[in-house]
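Okay, so here's the structure we're looking at.
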Amino acid sequence: MTTGESYFFCGVGGSGMAPLALIVEARGARVDGSDRALDQGRTPAKFEFLRRQGVTLHPQDGSGMTSADQTLVVSAAIEETIPDVQAARRLGAPIVTRAQLLAKLFNAAQTGIGVAGTSGKSTTTGMIAWILHQAGRAPTVMNGAVMKNFATPEAPFASALVGGDALFVSEVDESDGSIALYQPAVAVVTNISLDHKSMEELRSLFGAFTAKPQTAVLNLDNGETAALAAALPRDQARTFSLTDSAADFVAAAISVRPDGVDFDVMHARQTAPVRLAVPGRHNVANALAAIAATVACGVPLAEAALHIGGYAGIKRRMEVAGTAAGVTVIDDFGHNPDKIAATLDTLHDFPGRLLLMFQPHGYGPLRLMGEALIQTFVDKMAAEDVLLMPEPVYFGGTVDRSVGSEAITKGVACEGRHAEALPDRAACGERLLGLAKPGDRIVVMGARDDTLSDFAAELVARLSA
């Protein structure tokens, strides 16, 4: 990438688009963009932040695409009906996907650390970023979520970190198959389970991803990633586990706290204490993955273990929005079976009924994961917990809406858990406030909708009143 290049990001406010736009802009390119959410007046603070960072914003009506010298950046699926795409076609401007542009930057780095997996990618990426930053390695980091360690009042949407060109850390995505584009020196796979694709497709994609690098960091506590480790040469795989002493990185003496976890990490006859400031045993696994990846990049074990203790977390990962009238409201990104299970397991380590509001992130995921979601809620909800579901988030476009939230709640209720489908989020809010009693915890769950955080904050305000 050279100074003076021009890029136009269609959907610039998206969780994957915004950080990439900021990295591209910081490297000297001109960056323009549009977003349906901007036109609809949603999340204005995010777009004001992008403006302050030098991104020029336009309506999503094609008016921002004015030259064949602009490269249009789109999400995985190029929708020909979008005016920006139509304008680029008329002009003869090149069109690339977000993943293609990201992979170009990633592969150009001297050392690329790619973080993949069904769950834990953003957290593990943030942990690696913090360790390397504290170790003075000046990484450039592309994350799909806001890293609290790098967020400031002036830069609240810190999902990217602009460092040097030598070391590039990125969350990489299997959902659209773009994981195949990356050439990592270190490949991390946190876990693999059913999410966007069939297990056969996932095994093929992750297998190819972990065959490429010098070092593949893999989780022995997940059957699918353990199988990947077994297929690799011993000097290529670096394994981690909470239970298997044969792993290269093992967690011992785990002690959970409401606000974190203490454990010892053991590696190559060394032991280092870790005091994590984020809760949950799943975060012990994420921390082991991050420590293993940074040790592979030359950070000493003791130093990595020390630095990760300062990791502050990712926005919307079991984030406490506030407490009022004896009720705690938690904002959480849980949206697939693994993530939901991890959240519920962590919260059930401590007392208090859970009032869950789960907003699915689309109709397609309900069709693919419906049975797994039902089983997760049945297995992980306590008898007194309550699940409420509005219809999936929908901001327009063509989609098959034949499977909705009622199918999920009926399945959960048939197994003896309390689950209700309600017409919309507002109705869920009224029901939550009507149910809430001192000692309860309201958990707002869902992905791909920044306004869920606003909804959680509104619940806190209404409880306070």
Side-chain angles (χ1 to χ4, degrees), residues 1-76 78-79 82-88 91 93-106 108 122 129 139-147 150-165 168-171 315 395 448-451 453-454:
M1 180 173 294
T2 59
T3 299
E5 291 184 3
S6 182
Y7 291 85
F8 189 99
F9 285 74
C10 180
V12 70
S15 61
M17 287 287 207
L20 182 57
L22 295 179
I23 291 171
V24 169
E25 197 278 335
R27 292 192 170 183
R30 174 186 169 87
V31 175
D32 294 70
S34 68
D35 201 288
R36 184 183 296 160
L38 173 67
D39 296 346
Q40 295 173 349
R42 292 184 280 118
T43 60
K46 175 182 283 189
F47 294 109
E48 182 54 38
F49 165 69
L50 289 172
R51 286 190 182 96
R52 291 200 305 270
Q53 303 307 305
V55 177
T56 302
L57 299 177
H58 305 267
Q60 199 171 87
D61 59 5
S63 61
M65 283 295 303
T66 59
S67 169
D69 293 331
Q70 291 173 288
T71 297
L72 179 65
V73 186
V74 298
S75 61
I78 301 174
E79 296 185 37
I82 294 176
D84 294 334
V85 175
Q86 294 175 344
L91 293 164
I95 301 177
V96 300
T97 66
R98 180 198 69 85
Q100 288 170 335
L101 179 56
L102 173 57
K104 177 183 176 182
L105 298 176
F106 180 92
S122 297
T140 291
V141 182
M142 164 74 191
N143 207 332
V146 174
M147 299 175 284
F150 304 109
T152 65
E154 296 75 30
F157 300 97
S159 50
L161 179 66
V162 179
D165 295 336
F168 199 120
V169 184
S170 182
E171 178 178 338
K315 292 284 288 182
F395 295 127
R448 298 185 186 174
D449 184 358
D450 293 336
T451 63
S453 296
D454 300 331

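- Panel note: side chain Thr451, backbone Asp454; no donor-acceptor pair is recorded below 3.5 Å.
- Nearest heavy-atom pair, Met65 versus Ala88, reported as atom, atom and distance to 0.1 Å: CE-CB, 3.8 Å.
- Here the shortest heavy-atom pairing between Leu72 and Cys10 reads CD1-CB, 4.1 Å.
- Distance CZ/Arg52 to CZ/Phe47: 13.5 Å, rounded to 0.5 Å.
- A distance of 12.5 Å separates OG1 in Thr56 from CZ in Phe9, rounded to the nearest 0.5 Å.
- In this structure, Arg27 pairs ionically with Asp165, as a charged nitrogen and a carboxylate oxygen lie closer than 4.0 Å.
- Between Leu38 atom CG and Glu48 atom CD the span is 10.5 Å, to the nearest 0.5 Å.
- Across Asp35, Asp39, Asp32, Thr66, a single residue satisfies side chain to side chain donor-acceptor pair (under 3.5 Å) together with His58, and that is Asp32.
- Considering every non-hydrogen atom in both Ser170 and Leu102, the closest pair reads OG-CD2, 3.5 Å.
- Of the possible donor and acceptor atoms, none in the side chain of Thr43 sits under 3.5 Å from a partner among the backbone N and O of Lys46.
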Steps toward side chain to side chain contact (heavy atoms under 4.5 Å, CB included) verdict (Phe49, Leu22): CA-CA 11 Å; Phe49 165 69; Leu22 295 179; 3.8 Å; yes

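- For the pair Thr140 (side chain) and Gly163 (backbone), a donor-acceptor distance under 3.5 Å is present.
- Heavy-atom minimum distance, Leu20 versus Met142: N-SD, 3.6 Å.
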Check against side chain to side chain contact (heavy atoms under 4.5 Å, CB included), Val141 and Glu171: CA-CA 9 Å; Val141 182; Glu171 178 178 338; over 6 Å; no

From CA spacing to verdict: side chain to side chain donor-acceptor pair (under 3.5 Å), Asp84, Ser34: CA-CA 8 Å; Asp84 294 334; Ser34 68; 2.5 Å; yes

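- Although no hydrogens or angles enter the test, the distance criterion places no donor-acceptor pair under 3.5 Å between the side chain of Gln53 and the main chain of Leu50.
- Atoms OG1 and CD1, from Thr71 and Ile95 in turn, are 10.0 Å apart once rounded to the nearest 0.5 Å.
- In plain terms, the two heavy atoms of Pro139 and Ala129 that are nearest each other are CG-O, 4.1 Å.
- At least one donor-acceptor pair under 3.5 Å links the side chain of Asn143 to the backbone N or O of Ser122.
- In this pair, Phe106 and Phe168 present their aromatic rings perpendicular. The plane angle is above 60°, beyond the 30 to 60° band.
- Minimum interatomic distance between Gly62 and Ala87 (heavy atoms only, all atoms of both residues): O-CB, 3.7 Å.
- Put simply, the side chain of Gln70 never gets that close to the backbone of Tyr7: no donor and acceptor are under 3.5 Å apart.
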Leu105 and Val24: CA distance, side-chain angles, deciding distance, side chain to side chain contact (heavy atoms under 4.5 Å, CB included) verdict: CA-CA 9 Å; Leu105 298 176; Val24 169; 4.1 Å; yes

